[in-house]
K.L.:
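My structure is below; once you've seen it, I'll send some questions.
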Amino acid sequence: MPRNKEPISLIVAKGRAHKTKEEIERRKKTEPRCEDTAIVCPDYLNAKEQESFVCLAEMLKGIGIWSELDASVLGHYIVAESMYECYTKMIYSRDEQEGNEWTLDEMIKLQSLQDRAFKQAHACASSLGLTATSRCKLIIPATEEDLPDL
């Protein structure tokens, strides 16, 4: 299976660029680039979720991987994370009440909902580079100052 194609700026930065200057320029011109776009929250997020959205979007923008195209996935991540927290609080709050124990069916249903919310949040987080393993796979775009002169 072939490896994923790396951006030419990364190849040059690694020092493994056995390419002509013309080929490097051609690759730079044909590589997709994200323009600096505004951070716009989806309408379905509440005020607390919007704060989280803006905070995470600013972090992603700071490392150069934010685009308006990511707003939907980040919004889904925020909602799934919020639902996971809600289900987790429900489990712990009922456990703290004396004489109000879970039946096995209730616990299975609630843990199933909690697990589904976790999987949704984790999938969105992975695609955005918000998990440790997905960050290791990210290729951060270099600025023109970071590239060595050829």
K.L.:
Please check if atom CG in Asp43 has more than 12 non-hydrogen atoms from other residues, nucleotides or ligands closer than 6.0 Å.
P.N.:
no
K.L.:
So do Val54 and Cys41 actually touch side chain to side chain, heavy atoms under 4.5 Å?
P.N.:
yes
K.L.:
Starting from Met59, can I reach Leu74 by hopping between I/L/V/M/F/W/Y residues whose side chains sit under 4.5 Å apart?
P.N.:
yes
K.L.:
Specify the closest pair of heavy atoms between Pro42 and Gly75, including all atoms of both residues, with the distance to one decimal.
P.N.:
CG-CA, 4.2 Å
K.L.:
Val79 and Phe118: same hydrophobic cluster, using ILVMFWY side-chain contacts below 4.5 Å?
P.N.:
no
K.L.:
Please name the pair of heavy atoms, one in Tyr44 and one in Ser72, separated by the smallest distance, quoted to 0.1 Å.
P.N.:
OH-O, 3.7 Å
K.L.:
Shared ILVMFWY cluster between Met83 and Ile91, side chains joined below 4.5 angstrom?
P.N.:
yes
K.L.:
Ala80 and Ala121: which non-hydrogen atoms are nearest, and at how many Å?
P.N.:
CB-N, 3.5 Å
K.L.:
As an exercise, state the distance from CD of Gln114 to CE of Met90, rounded to the nearest 0.5 Å.
P.N.:
10.5 Å
K.L.:
Under 3.5 Å, side chain of Thr103 to main-chain N/O of Glu106, donor-acceptor pair present?
P.N.:
yes
K.L.:
What's the verdict on salt bridge (Lys or Arg N to Asp or Glu O under 4.0 Å) for Lys119 and Asp115, showing C-alpha distance, side-chain angles and the deciding distance?
P.N.:
CA-CA 6 Å; Lys119 287 177 181 175; Asp115 185 54; 3.1 Å; yes
K.L.:
Quick one: NE2 on His76 to OG on Ser127, what's the gap to the nearest 0.5 Å?
P.N.:
10.0 Å
K.L.:
Taking atom CE of Met107 and atom OG of Ser112, what is their separation to the nearest 0.5 Å?
P.N.:
13.0 Å
K.L.:
Give the cluster check for Leu45 versus Leu128: same hydrophobic cluster or not, with ILVMFWY residues linked at side-chain heavy-atom distances below 4.5 Å.
P.N.:
yes
K.L.:
Side-chain contact, heavy-atom cut-off 4.5 Å: Tyr77 with Leu56?
P.N.:
yes
K.L.:
Would the distance check show the side chain of Ser93 and the main-chain N or O of Lys89 forming a donor-acceptor pair, the cut-off being under 3.5 Å?
P.N.:
yes
K.L.:
Answer whether the closest heavy-atom distance between the side chains of Ile39 and Phe53 falls below 4.5 Å.
P.N.:
yes
K.L.:
To the nearest 0.5 Å, how far apart are OG1 in Thr131 and NE2 in His122?
P.N.:
5.5 Å
K.L.:
What closest approach, in Å, do Glu49 and Ser82 show between heavy atoms, and which atom pair accounts for it?
P.N.:
OE2-OG, 3.2 Å
